[in-house]
Amino acid sequence: MAPETDPPFQRIAAELRRRITTGELAPGERVPSTRRIARDWGVALATATKALTVLRLEGLVEALPRVGTVVAGAAPAASTLTTSTPAASAPRVTAPAPAPASTRPTRPARPVAADGELSQERIVRAALELADAEGLAALSMRAVAARLGVSAMSPYRYVTSKEELVLLTADAAFGDCAYPDEPPAGWRARLELGARTLWSVFRRHPWLAQLSPVTRPLLLPNLMTHAEWALSALDGHGLSTPDVLHAHVLLYSYTEGIAVNLEREAQARAATGVDEEQWMDGQLPALGALADSGRFPVFSRLLAEVADGYDMDLDALFEFGLANLLDGLAPRLGQAGPPGGAVR
């Protein structure tokens, strides 16, 4: 039994987990929505979101477009769950009794496509939609098959493994944006366009920044298009070949490094039900205590000077860093950057 001292979201998750593992909620059946949970348990929507997120991370539920959150696959036995709240015990929460089996909402049947209708292109497109909607951790051959309404093994006729699926999906994502046939004049304008194009790709597909360390580059044709654009902008300006490659990797890893935070923020929001502004609001007491401690005088002064607060805007941070990186490259390329580091 979940202790009364447990946070409400854990008690709610434990009750729903009990219903799933005992069969009261069968695979494919809808679980209560966040609004239903908030109403029936008398909690905030953020608490309801956290409860469903716990179950999703355990693999007990999945979100289906236009259907809602349903019990995923075959529910694992209670003894296999690894959570801090015992799964087999009912928590002390007040919840409506489950509806009789005959009246419970059921998951609409998916149309099953014949294998002959599948193609690698369809599989990759479904994988891209899944990764964009739910993150890289949700991407699997089984999940893609379910999204397409085919048997779990059908995609293997066109894609040999999950690893290949991830690479094909990443290549498709990097191919989202094209460059003009006529590049802008000057190395700086070309590098600006290249970096901003990559940033827009990461913005559309935040999971891309989680794929691989820069020391293990992804050899994908569409990613190489971005590399070729940058390398051609750097080539022919007096840099040695290693320095051209260093400059390219520096610009790419800078862009990817800022973009890593896009997916991390999405994961944090899903796990807590709190966005970045709400989270910062909750940190104000701790922030004030640090500022008032006297141990960090520069930080305290700067904090006092931003009366309206400091906005951690990733787009602005990206532009600031890009301007300074290009300013640093300008002397090496034999050409001064624009006054003040402006890139617009």
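Since the structure is predicted, the reported quantities are computational estimates derived from the model, not experimental observations. Just so you know, residue 1 is the first one in the sequence shown, and it goes up from there.
L136 and V159 fall within the same hydrophobic cluster, where Ile, Leu, Val, Met, Phe, Trp and Tyr residues are linked whenever their side-chain heavy atoms come under 4.5 Å apart, directly or through other members. Linking ILVMFWY residues whenever their side-chain heavy atoms come closer than 4.5 Å, directly or via other members, places L250 and L317 in the same cluster. Hydrophobic cluster membership is shared by F299 and L284, with clusters built from Ile, Leu, Val, Met, Phe, Trp and Tyr side chains linked at under 4.5 angstrom. Both L326 and L245 are members of a single hydrophobic cluster when ILVMFWY side chains are connected at heavy-atom separations under 4.5 Å. In the hydrophobic clustering of ILVMFWY residues, with side-chain heavy atoms under 4.5 Å counting as a link, M224 and L218 come out apart.
In this structure the side chain of L25 reaches within 4.5 angstrom of the side chain of E29, judged on heavy atoms. Here the side chains of V61 and I20 are in contact, with some heavy-atom distance below 4.5 Å. Two residues are said to be in side-chain contact when any heavy atoms from C-beta on lie closer than 4.5 Å; D171 and L223 fail this criterion. Between L148 and E117, the closest side-chain pair of non-hydrogen atoms is not below 4.5 Å. Annotation: side chain of L329 is in contact with side chain of L251 (closest heavy-atom distance under 4.5 Å). Between I12 and I37, some side-chain heavy-atom pair lies under the 4.5 Å cut-off. Between L325 and F320, every side-chain heavy-atom pair lies at or beyond the 4.5 Å cut-off. When side chains are defined from C-beta on, L52 does not count as touching R56, because their heavy atoms never get closer than 4.5 Å.
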Run the salt bridge (Lys or Arg N to Asp or Glu O under 4.0 Å) check on R19 and E15 step by step: do they pass? CA-CA 6 Å; R19 295 183 190 180; E15 166 62 13; 2.8 Å; yes
Go through I123 and L168 one step at a time and tell me if the side-chain contact (heavy atoms from CB on, under 4.5 Å) criterion holds. CA-CA 10 Å; I123 292 168; L168 288 170; over 6 Å; no
Could you please spell out the steps behind the side-chain contact (heavy atoms from CB on, under 4.5 Å) verdict for M312 and E276? CA-CA 9 Å; M312 180 68 76; E276 61 267 36; over 6 Å; no
Start with the C-alpha gap between R125 and L128, add the side-chain angles, then the distance that decides, and say whether side-chain contact (heavy atoms from CB on, under 4.5 Å) holds. CA-CA 5 Å; R125 185 166 63 249; L128 186 57; 5.7 Å; no
Decide yes or no on side-chain contact (heavy atoms from CB on, under 4.5 Å) for Q10 and V54, but give the supporting numbers first. CA-CA 8 Å; Q10 287 189 5; V54 168; 5.8 Å; no
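Taking both residues in full, the closest heavy atoms of H248 and A230 are given as ND1-CB, 3.7 Å, listed atom of the first, atom of the second, then distance. Here the shortest heavy-atom pairing between V260 and A209 reads CG2-O, 3.6 Å. Contact between T169 and V124 at its shortest, heavy atoms only, is CA-CG1, 4.0 Å. The two atoms that bring S300 and A291 nearest to each other are OG-O, 2.7 Å, heavy atoms only. Contact record, A138 with A143: O-CB, 3.6 Å, taken as the closest heavy-atom pair. Residues L193 and P184 approach most closely at CD2-CD, 4.1 Å, considering heavy atoms.
Heavy atoms from other residues, nucleotides or ligands lying under 6.0 Å from CD of E121 number 12 at most. Within a 6.0 Å sphere centred on CD of E277, other residues, nucleotides and ligands contribute 12 heavy atoms or fewer. For R301, the CZ atom sits in a packed shell: over 12 heavy atoms of surrounding residues, nucleotides or ligands are nearer than 6.0 Å.
One distance of note links CG of L287 with CE of M280; it measures 5.5 Å at 0.5 Å rounding. R196 CZ to C177 SG: the interatomic distance, rounded to the nearest 0.5 Å, is 14.0 Å. The CG atom of L333 sits 10.0 Å away from the CZ atom of R188 when rounded to the nearest 0.5 Å. The OH atom of Y158 sits 9.5 Å away from the CZ atom of R122 when rounded to the nearest 0.5 Å. Remark: L191 CG to L234 CG distance equals 5.0 Å, nearest 0.5 Å. Going from atom CG of L211 over to atom CG of L167 covers 8.0 Å, rounded to the nearest 0.5 Å.
In this structure, S154 contributes its side chain and V150 its backbone to no donor-acceptor pair below 3.5 Å. A donor-acceptor pair under 3.5 Å links the side-chain atoms of Y254 to the main chain of F318, judged by distance alone. K162 places a side-chain N or O within 3.5 Å of a backbone atom of L139 that can act as its donor or acceptor partner. The main-chain N or O of I258 is found under 3.5 Å from a side-chain atom of N261 such that the two form a donor-acceptor pair. Within the 3.5 Å criterion, the main-chain N or O of T160 finds a donor-acceptor partner in the side chain of E164. Between the side chain of E263 and the main chain of Q210, no donor-acceptor pair closer than 3.5 Å is present.
Ring planes of W229 and Y179: parallel class, angle under 30° (limits at 30 and 60°). Between F174 and F202, the ring planes are perpendicular. Angles over 60° get that label, and only those under 30° would be called parallel.
Residue pairs satisfying the side chain to side chain donor-acceptor pair (under 3.5 Å) criterion with at least one member in residues 197-207, sequence neighbours excluded, are listed as follows: D132-H205, D132-W207, D176-H205, W199-D315, R203-D315.
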